[in-house]
Amino acid sequence: MAIECSLPLTAIEGQNIHIETNKGGKTPYARICYIDPMLALEPFSIVTPSLPISGYDFNRGRINIDLSSDTISLSKFKMLQDTIISLIHTNQYDWFQTNSLTIESIRDKFQPFLQGSVLSIFLSTILRSGKQVWIFKDGKWSDTFKQNTLNVGKSVKFILRLTGIQSFYSIGLTTVPKNLKCHIVMHPVAVILCD
């Protein structure tokens, strides 16, 4: 397993998150980076504290984490999501060729990773691409991911890599489609089983 610099979730500060210029194309994409006085990371990874799995759909590759009892993690993920929505709003002309969208309309177009107190993490895209998700279980690392690796009630730590913001919208359209969605490209590179 390659070692990469990862920031603890509790250390993440919104003012240090930046997005680059939208690259355009069929699925516009902007890289995301983390810059503070001590380091610059692009992409950047965060390490979560131990969190309990509240739902897991292996077929969809969706893991749900209920953060209602972890107010610090909940506030940090909320800050992260709000910061990204704010950055899209601030840079909306780059994305949508308009400056008339409100923060609420941008929020409506953003595919949330946090809804209420439930954090959703998706494994499906990374697993379908053939990329590895490292698992730390029983004192050793493995890149073998099986259906029974994660179960509701287990506590896990995630290393989540944030690479960019993507939109399913082609630049050059004269109006912003009603079904437009933006989302952060965030996927786990490692899962550490804590039980």
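For the single chain, residues carry numbers from 1 onward in sequence order.
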Colleague: Given 3.5 Å as the limit, does a donor-acceptor pair link the side chain of Thr48 with the main chain of Phe158, or not?
Modeller: yes

Colleague: Rounded at 0.5 Å granularity, tell me how far CD1 in Ile165 sits from CD in Gln111.
Modeller: 13.0 Å

Colleague: When you check the side-chain N and O atoms of Asn64 and Ser54, is any donor under 3.5 Å from an acceptor?
Modeller: no

Colleague: Would you call Pro43 and Arg31 a side-chain contact if the rule is heavy atoms closer than 4.5 Å?
Modeller: no

Colleague: Show the nearest heavy-atom pair for residues Pro188 and Phe122, with the distance to one decimal.
Modeller: CD-O, 3.6 Å

Colleague: Between side-chain atoms of residues 76-84 and protein atoms elsewhere (two or more places apart, or another chain), which donor-acceptor pairs fall under 3.5 Å?
Modeller:
unit_1: Lys76; atom_1: NZ; unit_2: Thr10; atom_2: O; d: 3.3
unit_1: Lys76; atom_1: NZ; unit_2: Ile12; atom_2: O; d: 2.7
unit_1: Lys76; atom_1: NZ; unit_2: Glu13; atom_2: OE2; d: 3.4
unit_1: Lys78; atom_1: NZ; unit_2: Asp82; atom_2: OD2; d: 2.8
unit_1: Gln81; atom_1: OE1; unit_2: Phe113; atom_2: N; d: 2.9
unit_1: Gln81; atom_1: OE1; unit_2: Leu114; atom_2: N; d: 3.0
unit_1: Gln81; atom_1: NE2; unit_2: Leu114; atom_2: O; d: 3.0
unit_1: Asp82; atom_1: OD1; unit_2: Arg107; atom_2: NH1; d: 3.1
unit_1: Thr83; atom_1: OG1; unit_2: Met79; atom_2: O; d: 2.7

Colleague: Verify side-chain contact (heavy atoms from CB on, under 4.5 Å) between Asn16 and Ile35, making sure each step is shown before the conclusion.
Modeller: CA-CA 5 Å; Asn16 297 332; Ile35 302 170; 5.7 Å; no

Colleague: Is the shortest side-chain heavy-atom distance between Ile106 and Asp108 below 4.5 Å?
Modeller: no

Colleague: CG/Leu87 to CD1/Ile85 distance, rounded to the nearest 0.5 angstrom?
Modeller: 10.5 Å

Colleague: Just by distance, do the side chain of Ser75 and the backbone of Ile72 share a donor-acceptor pair under 3.5 Å?
Modeller: yes

Colleague: Evaluate the side-chain contact (heavy atoms from CB on, under 4.5 Å) criterion for residues Ser120 and Gln115: first the C-alpha distance (whole Å), next the side-chain angles of each, then the deciding distance (0.1 Å), finally the verdict.
Modeller: CA-CA 8 Å; Ser120 293; Gln115 290 184 299; 5.5 Å; no

Colleague: Atom CD in Glu20, atom SG in Cys33: separation rounded to 0.5 Å?
Modeller: 5.5 Å

Colleague: Let me confirm one number: the CZ-SG distance from Phe136 to Cys194, rounded to the nearest 0.5 Å.
Modeller: 10.0 Å

Colleague: Are Asp70 and Pro49 side-chain neighbours, meaning at least one heavy-atom pair lies under 4.5 Å?
Modeller: yes

Colleague: Under 4.5 Å between any side-chain heavy atoms of Thr163 and His187, yes or no?
Modeller: yes

Colleague: To the closest 0.5 Å, what do you measure between OG (Ser45) and CG (Leu162)?
Modeller: 7.5 Å

Colleague: Considering residues at least two apart in sequence or located in another chain, which fulfil the side chain to side chain contact (heavy atoms under 4.5 Å, CB included) criterion with Ser117?
Modeller: Asp66, Ser68, Leu74

Colleague: Is any side-chain heavy atom of Ile46 less than 4.5 Å from a side-chain heavy atom of Ile159?
Modeller: no

Colleague: So which heavy atom on His89 is nearest to which on Leu101, and how close?
Modeller: NE2-O, 3.0 Å

Colleague: Checking side-chain contact (heavy atoms from CB on, under 4.5 Å) for the pair Leu160/Val189: CA distance, chi angles, key distance, verdict?
Modeller: CA-CA 6 Å; Leu160 301 169; Val189 292; over 6 Å; no

Colleague: Do Asn91 and Ile19 have side chains that get closer than 4.5 Å, going by heavy atoms?
Modeller: yes

Colleague: Please report the shortest heavy-atom distance between Ile32 and Glu42, naming the atom on each side.
Modeller: O-CG, 3.4 Å

Colleague: Does Val156 reach the side chain of Ile192, with side-chain heavy atoms less than 4.5 Å apart?
Modeller: no

Colleague: Do Trp141 and Ile135 have side chains that get closer than 4.5 Å, going by heavy atoms?
Modeller: no

Colleague: Any side-chain to backbone donor/acceptor pair from Asn151 onto Lys154? Under 3.5 Å, distance only.
Modeller: no

Colleague: Report whether Leu67 and Val118 are members of the same hydrophobic cluster (ILVMFWY, side-chain heavy atoms less than 4.5 Å apart, transitive linking).
Modeller: no

Colleague: Between Val152 and Gly55, what is the shortest heavy-atom contact and its length?
Modeller: CG2-CA, 3.8 Å

